[in-house]
Structure formats: structure tokens, C-alpha cells
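Right, one structure below, let's go through it.
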There are 2 protein chains.
Amino acid sequence: MPVTVLLVDDEPLVRAGLRAVLEAQPDIEVVGEAADGAAVIPLVRRLRPDVVAMDVRMPLLDGIEATRAVLRTVDAPPKIVVITTFENDEYVYEALRAGADGFLLKRARPAEIVHAVRLVAEGESLLFPASVRQLAAQYGDDGGNRAARAVLERARLTDREAEVLRLMTRGLSNAEIAARLVVGTETVKSHVSAVLAKLGARDRTQAVITAYESGFVAPG
Amino acid sequence: MPVTVLLVDDEPLVRAGLRAVLEAQPDIEVVGEAADGAAVIPLVRRLRPDVVAMDVRMPLLDGIEATRAVLRTVDAPPKIVVITTFENDEYVYEALRAGADGFLLKRARPAEIVHAVRLVAEGESLLFPASVRQLAAQYGDDGGNRAARAVLERARLTDREAEVLRLMTRGLSNAEIAARLVVGTETVKSHVSAVLAKLGARDRTQAVITAYESGFVAPG
DNA sequence: GATCGTCTCCCCCGTGCGGGGGAGGCTCGT
DNA sequence: ACGAGCCTCCCCCGCACGGGGGAGACGATC
């Protein structure tokens with residue numbers, strides 16, 4: 001059974017673009033569209049999509065309120081990916097607080113969009129580190145890196161994965177981690193891959209950055 | 001002309017070990033030994049070594065005072081590498097403050113020791129990131145990561161190298177950095193290699209870690 | 001004029017890394 | 001008894017990465 005997606009965006013062009021990108025995938029099916037947040041709930045009830053791709057900035061009911069409403073009023077609610085144009089969008093952070101499972105930039109490459117939908121459909125959460133960095137920067141020294149912290153909380157790393165990430169933040173190679181944990185390097189590679197996927201990181205360096213930004217490890 | 005080294009350690013066993021490791025290199029020559037800090041200055045004056053490998057904890061005159069004395073009283077002073085048994089050795093930090101060019105753990109692998117001697121002989125400074133991590137940890141939240149910070153100060157990165165390091169801490173690949181700086185990827189590779197060498201990092205991940213530990217970039 | 005440091009780019013080369021799969025054993029909860 | 005989640009290990013594969021060299025252009029310094 002394919003992953004079913006409901007698109008919610010006030011711009012028809014964006015909806016069309018998302019539909020084109022997602023429909024190109026054999027395992028993804030766009031089952032409906034809505035132009036504002038107010039229309040989301042009845043549609044979710046009727047269509048029961050696996051994933052809702054939702055703009056944060058919309059008339060009537062924005063993505064934050066719509067996210068809250070869906071999670072509050074629907075049982076077995078869909079996964080929610082919020083979409084935004086800006087990297088520095090405080091709405092995004094609020095939407096994540098409201099329970100969204102990930103966020104996407106409109107200018108993300110099609111492959112990233114597809115990847116994100118599949119990931120959240122599988123129950124994973126995701127944020128793109130490059131965007132997280134921007135987000136975190138916005139909240140400055142006082143607010144702290146709440147956004148990045150949220151990534152890690154949502155990443156739901158297993159104990160082993162967390163341990164591997166910790167060793168990654170100490171600068172260890174896969175072979176060294178394997179030696180330290182007394183397992184095979186292939187095992188470490190598996191854990192590392194899982195960590196990268198869950199953190200939305202492209203490589204171990206980005207993973208370590210996210211770890212620092214999130215407070216998973218503290219410098220000094 | 002080979003790199004000439006003076007060994008200063010109160011334990012004959014350690015001196016013998018260092019001599020064995022260093023003499024095995026065709027380009028390194030151990031020109032003398034001393035058992036305590038007080039004997040260092042006349043020996044330095046007479047032998048004019050390129051590098052002094054000096055224990056921090058010694059009778060009569062410890063490595064810190066000996067380092068200060070050499071730098072204060074000898075012109076064209078040698079490079080000084082302090083040696084310690086413990087990763088959490090506050091003496092080490094003091095020695096670095098006193099002007100030492102790097103430090104070494106006694107349990108470091110021979111290749112690391114050789115590498116360190118060659119590096120400081122060439123005028124580079126070096127600390128091993130893994131040790132830095134330990135050092136930094138000791139100084140806790142209040143004292144901050146002074147040791148790691150010292151690495152970066154001593155690393156004397158050029159403007160371009162610092163810029164490249166900054167982009168590395170944003171998670172960019174060599175190709176992305178090249179695009180950002182509008183230069184070739186080979187150029188970026190050169191800068192990255194220089195950064196790795198100066199920071200004593202094995203790969204970009206370790207470099208990023210050092211950058212965070214040193215406060216070169218601040219999380220959040 | 002010569003030297004030094006920096007920035008730029010080039011070559012070759014080995015390998016660690018990460019993506020894409022899969023698979024078996026284990027514990028735990030139902 | 002069964003599935004879910006986790007940990008473990010395996011395969012193949014492409015490529016970015018990093019080490020080792022070298023070299024030309026430019027400005028500053030002496």
C-alpha cells in the first residue's frame with residue numbers, strides 16, 4: 001500500500017509542484033488538497049492520509065493551529081510535515097512544538113521532499129540540519145538551540161545509536177568506535193547510518209554539528 | 001640537516017623510550033638528555049637543539065618553569081613539547097601558557113610522537129584533540145575550554161583557512177565550500193589539509209570538534 | 001632584487017565513508 | 001506463539017576525502 005499524502009497550501013502552484021514531485025513516486029499517492037488550514041480537519045477525517053504536507057503560513061488557520069487541531073481532534077492522526085519558504089521562520093519552530101514531525105523548505109530538491117515524506121511516513125522525524133542551523137541562530141544566545149534540541153528529542157535515537165553518536169563527537173572513526181564497543185565495523189556503519197538518517201545529516205560531520213547545536217554534547 | 005632534539009625527563013626509562021622512537025627516524029637526531037629542569041638551560045645553550053621534549057612534572061625545576069626560563073633567557077629558543085602521563089594535567093595547560101608549542105601523552109603511539117616532533121620543528125603548534133577534549137572537560141563550565149582555545153590561538157590559521165574552517169563547521173563539503181568561495185575544489189582541499197595539520201586533526205570531523213571546543217564557533 | 005607567506009590549482013593514490021540492500025538472533029510485550 | 005524493535009553482521013558500490021607531492025602568481029618585507 002502506497003503512502004497517502006494530503007497537500008495543504010494556499011498557493012495552487014505549490015500544491016501542483018508537490019503533487020508532481022510526489023506522484024512521480026510509485027509508492028506515494030496524493031489523495032487530496034486543501035487551500036487553507038480550516039479545511040484540513042474534515043479532509044483528514046475523510047481521507048485518512050498517512051502524511052499531511054502543510055504550509056505554515058496560510059489564511060484563516062495557519063499551519064501551527066491546523067497542526068494542533070488535527071492532533072487534538074483526530075485519533076490516529078497523520079504525520080505532519082510543515083512547509084515553509086524561509087529558513088528563518090519562527091512559525092516552523094512553533095509548528096514543531098505543536099507536534100509536527102518535520103519540516104521542509106519549498107526550495108528543497110525533489111529528492112529531499114520525497115525522502116522527507118517517506119521518512120515521516122515510517123514514523124521518523126526529520127529536520128534538515130542546514131535549516132536547523134539557521135533556526136538555531138535566530139533564537140540567539142538566550143533562547144538557545146531549542147530547534148536543534150527538538151531534532152534530537154524527536155530523533156528518538158536508540159541507546160546504541162546515542163552511544164555511537166557520542167563517540168562520533170569525540171572524533172572517533174568507525175573502526176575506532178567498533179574497537180571501543182567491541183563489535184564489527186559493519187555494525188558501527190549500521191548505527192552511524194541510522195544516526196545520520198534520523199538526524200537528517202549527510203555525513204558524520206553534520207551529525208556532530210547537530211549534536212553540538214542541540215546540546216547533546218556540551219563544549220568545554 | 002636532521003631535526004635535533006633534547007630530551008628532558010626525570011625517568012631514565014622514558015628518556016630511553018623517546019630516544020629509541022626518535023632515533024629510529026633518519027631525519028631526527030637526539031643530541032642530549034637531561035634529568036631535571038635545572039639542567040636544561042645550559043644544555044640548550046650548548047647543544048642548540050631544534051626541539052626540546054620536556055616532562056612537565058620534574059624535581060628541582062618543573063616543565064613549566066623550565067619552559068619559561070628557556071624562552072626568557074635563550075635567544076632563538078628551541079620549540080618545546082611538553083610531555084605528560086595524564087590527560088587531565090593542569091600543569092600542561094600552564095606550560096602552554098608559558099609558551100610551549102605542543103604537548104604529548106607518554107602513551108601516545110610512536111608515530112604520533114614522531115609526528116609531533118616534526119611538526120613543531122617546522123614551526124607548527126600541535127595538541128592532540130582527544131587530549132584537548134579531556135583537558136577542556138577538566139576546566140568545566142566556568143573555566144571554559146581554555147585549552148582548546150589555546151590550540152586555535154596557536155594554530156595561527158590564515159584568514160582563508162579560518163573561513164574554510166568556519167564553513168566546515170556549517171557542514172559544507174569541499175565542493176560546497178569551493179562553490180561558496182568561488183574557487184576550485186583543489187584549492188579547498190589545500191586549505192582543509194592545512195587546517196587539519198594545524199589543528200592536529202585527522203579529519204574534518206575532528207577539526208569541527210576542536211572548533212566547537214575552542215569556541216571558534218559557538219553552538220546555539 | 002630576493003625572499004617569504006598566502007592563495008590558487010594540479011597530479012596521483014588509497015581508503016574510509018555512506019547508500020542500498022538483506023538477514024539472523026535477541027528480548028519484550030501481547 | 002507471534003510480531004516489533006533492537007543489535008548484530010554481511011554484501012556491493014561509488015565517491016568524497018585526505019596524504020603526498022609540486023607549482024605559479026601575487027603582495028609584503030627586507
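What you are looking at is a predicted structure, and each value in this text was computed from that prediction instead of being measured. Just so we're on the same page: letters track the sequence lines, and every chain starts at 1.
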From CD of B:E163 across to P of C:dT6 the rounded distance in Å is 16 Å
Looking at A:Q206 and B:G171, would you say the former's side chain and the latter's main chain have a donor-acceptor pair under 3.5 Å? yes
Nearest-angstrom distance from the residue atom CD of B:Q206 to P of D:dC17: 16 Å
Whether the B:N174 and B:T185 side chains hold a donor-acceptor pair (N or O, under 3.5 Å, no angle test) is what I'd like checked. no
NZ/NE/NH1/NH2 to OD/OE distance under 4.0 Å, A:R166 and A:E163: yes
State whether A:T158 places a side-chain N or O below 4.0 Å from either non-bridging phosphate oxygen (OP1 or OP2) of D:dC7. yes
Rounded to the nearest Å, what distance is computed from the CD atom of residue B:E176 to the P atom of nucleotide D:dC15? 16 Å
Contact string for nucleotides 8-23 of chain C, one letter per nucleotide 5' to 3', B = base within protein heavy-atom range under 4.0 Å, S = sugar-phosphate only, - = neither, reads BBBB-----SBB----
Under a 4.5 Å cut-off applied to non-hydrogen side-chain atoms, are B:R46 and B:L43 in contact? yes
Rounded to the Å, how far apart are B:I177 CD1 and D:dC17 C1'? 12 Å
Heavy-atom side-chain proximity of B:V195 to B:K198 below 4.5 angstrom: no
Between P on D:dG18 and NZ on B:K198, what's the gap in Å once rounded to a whole number? 17 Å
Any donor-acceptor pair under 3.5 Å linking the side chain of B:R180 with the backbone of B:L172? no
